[in-house]
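Along the sequence shown, residues carry numbers from 1.
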Amino acid sequence: MSAVSSTRRSVISEAVAPWSEIAQLLRGGEAGTLVPVIIPRHRRRLWWLLPLWFGVFALLTGVLLSAGGSEGLAGAARGSLAALSYVLGVLALLAGGLWWWRSSIVEIEQGTNGVLTRYGAVTRTLDPGRHYLWHPWSRVEFVVDTATEIPYSAPVMACPTQENVPLRSIEFFLKFRITDAVLFVRTIGAGNFDLVLSSAVQDAIRQRARRMRTERAYDLRGSDVADMQELLNRQLSRYGVRITGCNIPDVQLPAQYQQHLATRERVAKERAAYDQEWGLTRKRRIDSLRMDIERAKKVRDARIVEVKAALNRAREEVAQLLEEQETNAQRVRFEIETRGRSGLIAAENEARAQRRLAQAYRDNRAVLQYELARRRLEVGATLAGSAPRPVVVRTDGAGGGDTSALSTLLTAQLLPRLAALPPVDRGAGSAGAVDGER
């Protein structure tokens, strides 16, 4: 931005203009001047009272002429003058009324408000459109633009930073709108508002610049100025004005800082170019790595397919081996079961044989016990038969036998012989001996 444009400041003022030029001044101003308030140049005068008074006078003259009762030529002339007075009075009244009606019409432009005064005192505001001011001393004193957002540019020169380095200029742009026309024109007016707004903007800009370092002064361009807008609204709300938007479009630094920033920008551009080049190289490397990764993924997928195929083959082999093992195990199990069943049958047969043998043994035992008992009886009988019998030799003579010594001697000699004989013979011999004894 050039120095001329950077030092250009908006000027707010009010202008006096006829009603036909109000729209042009409010929209465009004159010579770069912002004109939010127009003082209309009134065409309304009290000349319309002359035809009214003349009409009243003519009517009164006609009445006076009609009141005279003359006859003849003088009466005809008086009647003619009375009729002419009536006609002139009516025409004068019509002309005065039309003039009064035409001068009472006021048209307020769209987007503006008119400030109506009576005897110099503000009574009310007029909305856009046509209005009739029938009171002779009522007039629109001001026409205020209340709908347009008025742009205002206020460059601040030699604004010091945090290091007390004066900046060449800070361009500040804002838009404001008049919200209360009566408050604006009665409190401050357009000319005074220009000074107040310029001072408030400069104060706000200087406060903001005081908090910034010089090397970061360019950060003011396009920065958030909501706090400044709020501050200006608090200051200007008493005048019926509201700031609708503001920003900092440009900042001019001292020459040495501009050179420094030019170097900084050059380095930043070189860095951006290097970053771009490095970005392209990085992108190429990343693309190459991605291609390698894709190839590695394809190789990995192929190997995975091979591994899966080998795994499937191994699973098939393992399944086949398991089937064979299961078949062998089943065959072995069948063999074991067959051998077991054979052994079980053999054991059962052997058990039955043993039971039968035991049964036979028990039967044989009874027979044996019977035979044993019989043999015992036989042995007992044999033993009993072969056992020596007592021979009672009575020598006491109680029975009447021979009790001599010779019989005793014979008996003693015969006893050993009897003992040596077999049992039958022994029995016969003993019986014979007994009989012989007898």
Side-chain angles (χ1 to χ4, degrees), residues 1-13 29 32-36 145 148-180 183-184 187-269 271-272:
M1 183 179 291
S2 63
V4 176
S5 61
S6 64
T7 58
R8 185 178 59 193
R9 185 179 72 86
S10 301
V11 178
I12 301 174
S13 65
T33 302
L34 302 177
V35 184
D145 189 353
T148 305
E149 292 184 350
I150 303 172
Y152 183 83
S153 177
V156 181
M157 311 300 295
C159 185
T161 60
Q162 187 176 358
E163 295 88 354
N164 205 22
V165 176
L167 302 176
R168 291 177 60 185
S169 67
I170 298 178
E171 188 77 20
F172 188 76
F173 177 80
L174 61 86
K175 295 182 295 182
F176 69 91
R177 187 168 64 88
I178 300 173
T179 57
D180 193 334
L183 185 62
F184 182 78
T187 306
I188 188 169
N192 295 330
F193 178 73
D194 180 65
L195 298 177
V196 171
L197 181 59
S198 176
S199 300
V201 167
Q202 290 194 13
D203 183 57
I205 289 294
R206 292 181 188 278
Q207 289 181 10
R208 173 61 66 88
R210 273 295 184 183
R211 297 195 299 267
M212 296 293 296
R213 299 182 63 86
T214 306
E215 61 269 14
R216 301 192 61 183
Y218 275 145
D219 293 342
L220 289 173
R221 293 184 297 185
S223 61
D224 186 12
V225 291
D227 54 342
M228 298 175 62
Q229 181 176 348
E230 183 179 358
L231 176 63
L232 293 174
N233 278 325
R234 286 198 303 268
Q235 293 178 358
L236 302 178
S237 59
R238 69 187 70 177
Y239 307 124
V241 177
R242 185 171 65 87
I243 305 297
T244 58
C246 56
N247 64 347
I248 300 176
D250 189 26
V251 177
Q252 294 289 331
L253 297 180
Q256 56 180 354
Y257 277 99
Q258 287 184 354
Q259 295 177 0
H260 171 69
L261 290 178
T263 305
R264 181 180 175 183
E265 289 180 358
R266 180 175 56 81
V267 173
K269 291 180 180 179
R271 179 181 178 182

For atom CZ of Arg206, decide whether the heavy atoms of other residues, nucleotides or ligands shown that lie under 6.0 angstrom number more than 12. yes
Side chain [X], main chain [Y], donor-acceptor under 3.5 Å:
X	Y	answer
Asp145	Pro36	no
Asn233	Gln229	yes
Thr244	Lys175	yes

Minimum heavy-atom separation for [X] and [Y], please, with both atom names.
X	Y	value
Arg211	Gln162	O-OE1, 3.9 Å
Leu231	Ala204	CD2-CB, 4.3 Å
Ile170	Leu167	CD1-CD1, 3.7 Å
Pro155	Glu171	CB-OE1, 3.5 Å
Ala154	Val201	CB-CG1, 3.8 Å
Leu232	Ala200	CD2-CB, 3.6 Å

Hey, does [Y] have a side-chain heavy atom less than 4.5 Å from the side chain of [X]?
X	Y	answer
Met228	Leu174	no
Leu236	Arg242	no
Thr161	Arg213	no

Reported [atom1]-to-[atom2] distance for the pair [X] and [Y], which is rounded to 0.5 angstrom:
X	Y	atom1	atom2	result
Arg177	Ile243	CZ	CD1	11.5 Å
Ile12	Leu195	CD1	CG	9.5 Å
Ile178	Tyr239	CD1	OH	14.0 Å
Asp194	Leu34	CG	CG	8.5 Å
Asp227	Arg208	CG	CZ	4.5 Å
Phe172	Asn247	CZ	CG	7.5 Å

Close aromatic pair by centroid cut-off 6.0 Å: Tyr152 and Phe193: no
Quick one, Phe176 with Leu197, criterion side chain to side chain contact (heavy atoms under 4.5 Å, CB included). Give me CA distance, side-chain angles, the key distance, then yes/no. CA-CA 10 Å; Phe176 69 91; Leu197 181 59; 4.2 Å; yes
